[in-house]
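First comes the structure, then the notes that go with it.
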There are 2 protein chains.
Amino acid sequence: MSKSGYKIKSVVKAMKVLEQFKEKKELGTTDLSKKLDIPKSTMFNILYTFTELGYIQQTKYDKYKLSTKIFELSQSIEYDLRNEAKPYLRKLSEATRETINLVLHMEEKVLYTEKVESQEPININTKIGKKEDIYCTAVGKAILAFLKQDRQEKIFEKITFHSHTPNTITDLEDLKEEIITIKNRGYAVDNEEFARGVKCVAAPIFDYKGDPISAVSITGPAERMDSKGIERLASLVKENAMDISNVLGFGS
Amino acid sequence: MSKSGYKIKSVVKAMKVLEQFKEKKELGTTDLSKKLDIPKSTMFNILYTFTELGYIQQTKYDKYKLSTKIFELSQSIEYDLRNEAKPYLRKLSEATRETINLVLHMEEKVLYTEKVESQEPININTKIGKKEDIYCTAVGKAILAFLKQDRQEKIFEKITFHSHTPNTITDLEDLKEEIITIKNRGYAVDNEEFARGVKCVAAPIFDYKGDPISAVSITGPAERMDSKGIERLASLVKENAMDISNVLGFGS
DNA sequence: AACAGCGTTCTATAATATTGAACAAAACGA
DNA sequence: TCGTTTTGTTCAATATTATAGAACGCTGTT
């Protein structure tokens, strides 16, 4: 375990610059140097370096924006997670006969990464590649509940509640209460909070540090998901999520 | 345009290290130091820096792997492209009544990023978030054809041909010839090379440098796509791809 | 028990990132 | 139209800082 260690200052600075492009897509040398309190000429060197490496590119007139090169990196993670998790998702699908979803945590959103569709006549349509809000999905709440407090609070600040259905949680205090419940029982439920007639049960997937990075869910029509059914499904997702945590090389 | 400029060596080194994780997902300090010919202790500092920043994390025993933080960056690009392109994809869908796909270029693959589905009874099912080979899709070939020669050659080396249908191009020389044709007429055709009964017409989307980074395609059942129909669709995709290039702030 | 391999620590030193000042060119205002 | 301001970029001297060899502790192996 690392105690001592040297943080390379120029690398830290450079990455901070890259991260600026998350919020604003086009930035100039001066903008950036003011925002990060780094001299223009230093900023120019950083931008020049990333441009040469292909991570950012210049727009028509003297601005910079991210290029698609970072994709190459992020894809490899997504690919790994998807493939390692897939057999477990299938197993869960067979056991429950419902649609299974795998999401990745992305700040105040979750990214739908993989799914196995139910073979039942009535099934729920979710889309891979879509991002949904963390507060109104079972997967999102499952992740949120197990995050460390400081990260939770940063996310709370970013949330803007929007009422998808009459059941959607739209109050921060309600969400905080819900999170306590989720943490105690180890799984989250979406009780028609995102879409009418659709219920979900989800459990978090942990990294080696014990932080949630992802989640699995079972999604089905409300008719098939009564409170007793949900309890059964809950223990299945929880177990499955733990298995995935382990296979990713994370679990305790 | 940048002529002179200083490439920050520690940043270049650090990014090279990050990129190593594209190929192998778990790497140790010594592995990396040997592969990149950087002393172990320097490598440790680089890894320590990225770990502290959250871009990589340690696995159970003394190895490192990418964390999901890079996603946050890549998502912002994908999001921009998708949203800026969407109205144009819709317009194309209305004009053609077929399924429209938007992909991103990723080395020897293409990533399906956005689509607008055809309203026709028979339509083609492609999946957002999936990666397909560059040589057997219209979108892939459209991008490949317009890449600079040195990048083309790097990709040629990475391709391993696999016969999806009897029409799939499985020979490098054939692919090179096809590329010349595509470059001359400005669009690519998938003539049931990826899936039986499915044809596509695609055109590349360019960045500000004139390099292709993305592509749009019209996909439909072979019955609806005779040679005359394809010609009409071709001019539509080409025009649409140019419009998107422009709206992204790239176009000439 | 001795060895070989790993990740990590430390520090002196050489290397290198930094930065202010200066420049050209575009954008803006009058 | 002509100054004025602001932009991105260039440069070289200097001080900062990244570097890397050697040593450490640990684990697994022979």
Side-chain angles (χ1 to χ4, degrees), chain A residues 1-18 20-21 24-67 207-209 249-250, chain B residues 1-21 24-67 207-209 249-250 252:
Chain A
M1 291 299 115
S2 45
K3 289 171 185 176
S4 161
Y6 178 63
K7 252 194 255 182
I8 303 168
K9 298 202 180 82
S10 53
V11 174
V12 173
K13 235 179 274 183
M15 294 312 291
K16 283 249 169 67
V17 171
L18 256 201
Q20 294 304 308
F21 290 94
K24 274 216 166 147
K25 53 186 176 184
E26 292 201 7
L27 290 165
T29 313
T30 309
D31 295 343
L32 282 164
S33 74
K34 278 177 189 162
K35 192 177 284 176
L36 298 179
D37 200 36
I38 293 172
K40 275 200 304 179
S41 47
T42 304
M43 187 56 69
F44 177 75
N45 288 334
I46 295 171
L47 292 169
Y48 178 81
T49 305
F50 278 128
T51 306
E52 286 286 299
L53 289 171
Y55 287 97
I56 59 181
Q57 50 186 210
Q58 291 169 289
T59 60
K60 257 188 286 200
Y61 297 108
D62 291 341
K63 296 262 165 187
Y64 295 90
K65 64 180 292 188
L66 289 176
S67 88
D207 69 10
Y208 78 106
K209 275 183 174 171
F250 293 149
Chain B
M1 293 300 116
S2 47
K3 287 171 185 173
S4 159
Y6 176 63
K7 252 195 257 184
I8 303 167
K9 297 199 179 85
S10 53
V11 174
V12 173
K13 233 179 276 182
M15 295 312 291
K16 284 248 169 68
V17 171
L18 257 201
E19 288 169 14
Q20 295 303 310
F21 290 94
K24 276 221 165 136
K25 54 185 173 180
E26 292 203 4
L27 290 164
T29 313
T30 309
D31 294 343
L32 283 165
S33 75
K34 279 177 188 161
K35 193 178 280 175
L36 297 179
D37 201 36
I38 293 171
K40 276 200 303 179
S41 49
T42 304
M43 186 55 70
F44 178 76
N45 287 334
I46 296 171
L47 293 170
Y48 178 80
T49 305
F50 278 129
T51 306
E52 285 287 299
L53 289 171
Y55 287 98
I56 59 182
Q57 50 187 209
Q58 291 169 293
T59 60
K60 257 189 285 197
Y61 296 108
D62 292 341
K63 297 262 165 186
Y64 293 90
K65 65 181 293 189
L66 289 176
S67 88
D207 68 9
Y208 78 106
K209 274 183 173 170
F250 294 148
S252 69

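Below, read A as the first sequence line, B as the second, and so on, with proteins coming before strands; counting in each chain starts at 1.
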List, with names and distances, any nitrogen or oxygen atoms from the protein found under 3.5 Å away from nitrogen or oxygen atoms belonging to nucleotides 24-30 of chain D.
none

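One atom, CG of A/Asn45, and another, C1' of C/dG20, lie 13 Å apart when rounded to the nearest Å. Protein atom NZ of A/Lys9 is 12 Å distant from nucleotide atom P of C/dT19, rounded to whole Å. Rounding to whole angstrom units, CG of residue B/Leu27 and P of C/dG7 are separated by 10 Å. C/dG7 atom P lies 17 Å from atom OH of B/Tyr48, rounded to whole Å. At whole-Å resolution of the value, CG in A/Leu47 and P in D/dT10 are 13 Å apart. The CG-C1' distance, from B/Leu32 to C/dG5, rounds to 16 Å in whole Å. C/dG20 atom C1' lies 16 Å from atom CD1 of A/Ile38, rounded to whole Å. To the nearest angstrom, P of C/dG7 lies 12 Å from CD of B/Glu26.
Applying the salt bridge (Lys or Arg N to Asp or Glu O under 4.0 Å) test to pairs two or more places apart or on separate chains, none has a residue in residues 34-45 of chain B. Screening residues 4-20 of chain B for salt bridge (Lys or Arg N to Asp or Glu O under 4.0 Å) gives A/Glu52-B/Lys7, A/Lys69-B/Glu19 as the qualifying pairs, with residues at least two apart or on separate chains.
Nucleic acid contact class of B/Thr42 (heavy atoms, under 4.0 Å, all strands): base. Within 4.0 Å (heavy atoms only), A/Thr30 reaches sugar-phosphate atoms of the nucleic acid but no base atom. No contact: B/Lys63 has no heavy atom under 4.0 Å from any strand.
Counting only distance, with no hydrogens or angles, the side chain of A/Asp31 and the backbone of A/Gly28 share a donor-acceptor pair below 3.5 Å. In this structure, the side chain of B/Thr49 engages the main chain of A/Ile8 through a donor-acceptor pair within 3.5 Å.
Between atom CG of residue B/Leu18 and atom CD1 of residue B/Ile46 there is a gap of 9.5 Å, rounded to the nearest 0.5 Å. Here OG1 of A/Thr51 is found 5.0 Å from OH of A/Tyr64. Values are rounded to the nearest 0.5 Å. Here the CG-CZ distance, from B/Leu47 to B/Phe44, works out to 8.0 Å after rounding to the nearest 0.5 Å.
Closest contact between the side chain of A/Ser41 and the listed nucleotides D/dA20, C/dT18, D/dC11 involves D/dC11.
Under 4.0 angstrom from either OP1 or OP2 of C/dT8 there lies at least one side-chain N or O belonging to B/Thr29. Distances shorter than 4.0 Å separate some side-chain N or O of A/Tyr64 from OP1 or OP2 on D/dT9. Using a 4.0 Å cut-off, no side-chain N or O of A/Gln58 falls inside it from OP1 or OP2 of D/dT7.
Between A/Lys34 and B/Ser10, the residue anchored nearer the 5' end of DNA chain D, judged by the nucleotide with its closest heavy atom, is A/Lys34.
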